[in-house]
Asker: 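Pasting a structure here, questions to come.
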Amino acid sequence: MSPDPPVNRPGLFIALEGPEGAGKSSQVVRLAQRLRDEGVDPLVTREPGGSPAGDRVRAVLLDPSLRLEPLSELLLYAAARAQHVAELIAPALGAGRLVLTDRFSAATVAYQGYGRRLDLDFVEALNERVTLGHRPDLTVLLDLQPHLGLERVAARGATDRLERAALDFHQRVRDGFLAQSRDDPGGWAVIGADDDPDAVAHAVWAAVAPRLREWAGR
Ligand SMILES: Nc1ncnc2c1ncn2[C@@H]1O[C@H](COP(=O)(O)OP(=O)(O)OP(=O)(O)O)[C@@H](O)[C@H]1O
Ligand SMILES: [Mg+2]
């Protein structure tokens, strides 16, 4: 199924996605710096969170002491995203800014759809509603075998609620990201995240630079 065209707006919307510990947060920092070097001032944000209310929802979602029903988990992510889009993302894109987010709606399809096995059509309909139709112009998938990413986050210290889920859950999440990239090859760039951070940053930039040129020359 080919997606509808995204809503018309002057900004450029880039999402970094991938399983636990793939290096999203590290690469967002590097990409943001590279963009600034190119004279672009990105709005850098993350999910869940990105707004004061969303950050409170984030705390619930990641708290390892809480047990959440898959449906509650989905709705909390959706609530945080609705707030994030309305408060931050849509206004910034409307004002012509480049928005760079650490995770977005594809993560919900991967985690709650493929990982928790909630109905994919429902997850996608909810995404469409809470994003107000804003889809990333480019989703950069940092792809990594789940056990490698989980080793990285375990080495980082305390683990959160999602990181503690079973390995087969994380395998379905990875498969869910890859399936989405196959469904929309023009909108996704898949990058192997097991290389060293400099090599990954280089590949991320190679995916982003043509979009940036297109956007700047529009
Ligand atoms: N290419 C890499 N090679 C080895 N280690 C890496 C690489 N990229 C990041 N790391 C390390 O792996 C850990 C996880 O990285 P990071 O926090 O950027 O990943 P993430 O995808 O944002 O994780 P999370 O899913 O938990 O948000 C950090 O300790 C980071 O220093
Ligand atoms: Mg991160």
Side-chain angles (χ1 to χ4, degrees), residues 1-7 13 15-22 24 45-51 53-87 89-90 101-146 149-150 160-190:
M1 186 179 71
S2 87
D4 299 332
V7 288
F13 190 16
L16 257 76
E17 297 277 11
E20 312 293 324
K24 299 173 294 296
T45 186
R46 68 169 182 184
E47 290 206 349
S51 73
D55 282 334
R56 295 213 195 164
V57 177
R58 177 187 179 90
V60 172
L61 280 164
L62 300 184
D63 185 342
S65 73
L66 297 177
R67 199 196 61 80
L68 289 177
E69 287 296 317
L71 183 59
S72 320
E73 187 180 86
L74 170 68
L75 295 172
L76 286 168
Y77 275 105
R81 182 162 306 126
Q83 199 67 30
H84 191 204
V85 170
E87 223 174 284
I89 292 179
T101 184
D102 182 342
R103 293 194 184 281
F104 196 59
S105 45
T108 310
V109 175
Y111 280 78
Q112 282 68 50
Y114 286 81
R116 302 287 189 219
R117 299 195 164 108
L118 291 172
D119 180 72
L120 281 174
D121 289 337
F122 178 58
V123 172
E124 278 165 11
L126 197 55
N127 265 341
E128 187 66 24
R129 185 67 181 259
V130 300
T131 60
L132 308 173
H134 286 286
R135 293 212 179 92
D137 298 293
L138 176 67
T139 299
V140 177
L141 173 59
L142 300 180
D143 179 50
L144 189 66
Q145 291 181 59
L150 292 169
D160 69 33
R161 202 178 56 81
L162 275 293
E163 288 160 0
R164 292 180 187 200
L167 194 60
D168 65 326
F169 167 80
H170 291 289
Q171 187 59 53
R172 289 198 300 278
V173 170
R174 181 195 188 193
D175 294 344
F177 279 124
L178 289 169
Q180 292 178 80
S181 74
R182 282 192 299 272
D183 285 347
D184 179 21
W188 285 62
V190 182

Asker: Please lay out, stage by stage, how Asp184 and Gln180 fare under the test side chain to side chain donor-acceptor pair (under 3.5 Å).
Answerer: CA-CA 6 Å; Asp184 179 21; Gln180 292 178 80; over 6 Å; no
Asker: Determine whether Phe169 and Leu162 make a side-chain contact, defined as any pair of heavy atoms from C-beta on separated by less than 4.5 Å.
Answerer: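 Phe169 reaches Leu162 side chain to side chain.
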Asker: Can you find a pair of side-chain heavy atoms, one from Asp63 and one from Arg161, that are under 4.5 Å apart?
Answerer: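 With C-beta onward as the side chain, the pair stays apart.
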Asker: Would a distance-only check, ignoring hydrogens and angles, find a side-chain to backbone donor-acceptor pair under 3.5 Å from Arg103 to Glu47?
Answerer: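 No, the answer is negative, given that no donor and acceptor are paired below the 3.5 Å cut-off.
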Asker: Rounded at 0.5 Å granularity, tell me how far OG1 in Thr101 sits from NE2 in His134.
Answerer: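 Answer rounded to 0.5 Å: 13.5 Å.
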Asker: Please find the pair of heavy atoms, one from Ser51 and one from Gln83, that lie closest to each other, and give the distance.
Answerer: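 Answer, listing the atom of Ser51 first, then Gln83: OG-CG, 3.3 Å.
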Asker: State the CD-OG distance between Glu124 and Ser105, to the nearest 0.5 angstrom.
Answerer: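 Going from CD on Glu124 over to OG on Ser105, the span is 9.5 Å.
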Asker: Quick check: closest heavy atoms across Pro136 and Ala15, and the distance to 0.1 Å?
Answerer: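 Distance-wise, the nearest heavy atoms are CG-CB, 3.9 Å.
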Asker: Please tell me if the side chains of Leu144 and Leu142 come closer than 4.5 Å, counting only heavy atoms from C-beta onward.
Answerer: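 No - every pair of side-chain heavy atoms lies 4.5 Å or more apart.
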Asker: Quick check against the 3.5 Å criterion: does Arg81 have a side-chain atom that pairs as donor or acceptor with the backbone of Thr131?
Answerer: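 Judged by distance alone, no pair lies under 3.5 Å.
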Asker: Under the side-chain contact (heavy atoms from CB on, under 4.5 Å) test against Leu68, which residue among Leu74, Leu75, Leu76 passes?
Answerer: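 The side-chain contact (heavy atoms from CB on, under 4.5 Å) with Leu68 is passed solely by Leu76 among Leu74, Leu75, Leu76.
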Asker: Do Leu71 and Phe122 have side chains that get closer than 4.5 Å, going by heavy atoms?
Answerer: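 When only atoms from C-beta onward are counted, Phe122 and Leu71 do touch, with a gap below 4.5 Å.
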Asker: Taking the six-membered ring of Phe13, is NZ or CZ of Arg135 closer than 6.0 Å to its centre and within 45° of its axis?
Answerer: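 Verdict for Phe13: no cation-pi partner in Arg135.
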Asker: Kindly state whether the ring of Tyr111 and the ring of Tyr77 have centres lying under 6.0 angstrom apart.
Answerer: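 Ring centroids of Tyr111 and Tyr77 are no less than 6.0 Å from each other.
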Asker: Measure across His170 and Glu163 and return the closest heavy-atom pair with its distance rounded to 0.1 Å.
Answerer: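 Result for this residue pair: NE2-O, 3.7 Å.
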Asker: Would you check if the side chain of Arg46 reaches a backbone N or O of Asp102 as a donor-acceptor pair within less than 3.5 Å?
Answerer: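 Such a contact is absent between Arg46 side chain and Asp102 backbone.
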Asker: Enter the distance from Asp143:CG to Leu178:CG here, rounded to the nearest 0.5 Å.
Answerer: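 Rounded to the nearest 0.5 Å, the CG-CG separation comes out at 4.5 Å.
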Asker: Taking all non-hydrogen atoms of both residues into account, name the closest pair between Phe177 and Ala106 and its distance.
Answerer: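 Smallest interatomic distance, heavy atoms only, reads CE2-O, 3.7 Å.
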Asker: Treating Lys24 as the side-chain partner and Pro19 as the backbone partner, does any N or O pair qualify as donor plus acceptor under 3.5 Å?
Answerer: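 The answer is yes, because a donor-acceptor pair under 3.5 Å joins these two groups.
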Asker: Taking atom CZ of Arg164 as the centre, does the number of heavy atoms from other residues, nucleotides or ligands within less than 6.0 Å exceed 12?
Answerer: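 Count over threshold, so yes.
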Asker: Would you say the side chain of Val130 lies within less than 4.5 Å of the side chain of Val85, judging by non-hydrogen atoms?
Answerer: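 No, too far: nothing below the 4.5 Å cut-off.
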Asker: Could you pull out the closest heavy-atom pair between Pro48 and Arg58, with the gap in Å?
Answerer: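 Scanning both residues completely, I find the closest heavy atoms to be O-NH1, 2.7 Å.
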Asker: Please tell me if the side chains of Leu118 and Pro70 come closer than 4.5 Å, counting only heavy atoms from C-beta onward.
Answerer: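 The answer is yes, as the side chains (C-beta and beyond) meet within the 4.5 Å cut-off.
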Asker: Over all heavy atoms of both residues, which pair between Ala165 and Arg116 is shortest? Give the atoms and the distance, please.
Answerer: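 Reported closest heavy-atom pair: CB-NH1, 4.5 Å.
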Asker: Going by heavy atoms in the side chains, are Tyr114 and Val173 under 4.5 Å from each other?
Answerer: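 The answer is no, as the side chains (C-beta and beyond) never meet within the 4.5 Å cut-off.
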Asker: For the atom pair CG (Leu16) and CZ (Phe104), what is the distance rounded to the nearest 0.5 Å?
Answerer: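 The CZ atom of Phe104 is 13.5 Å from CG of Leu16, to the nearest 0.5 Å.
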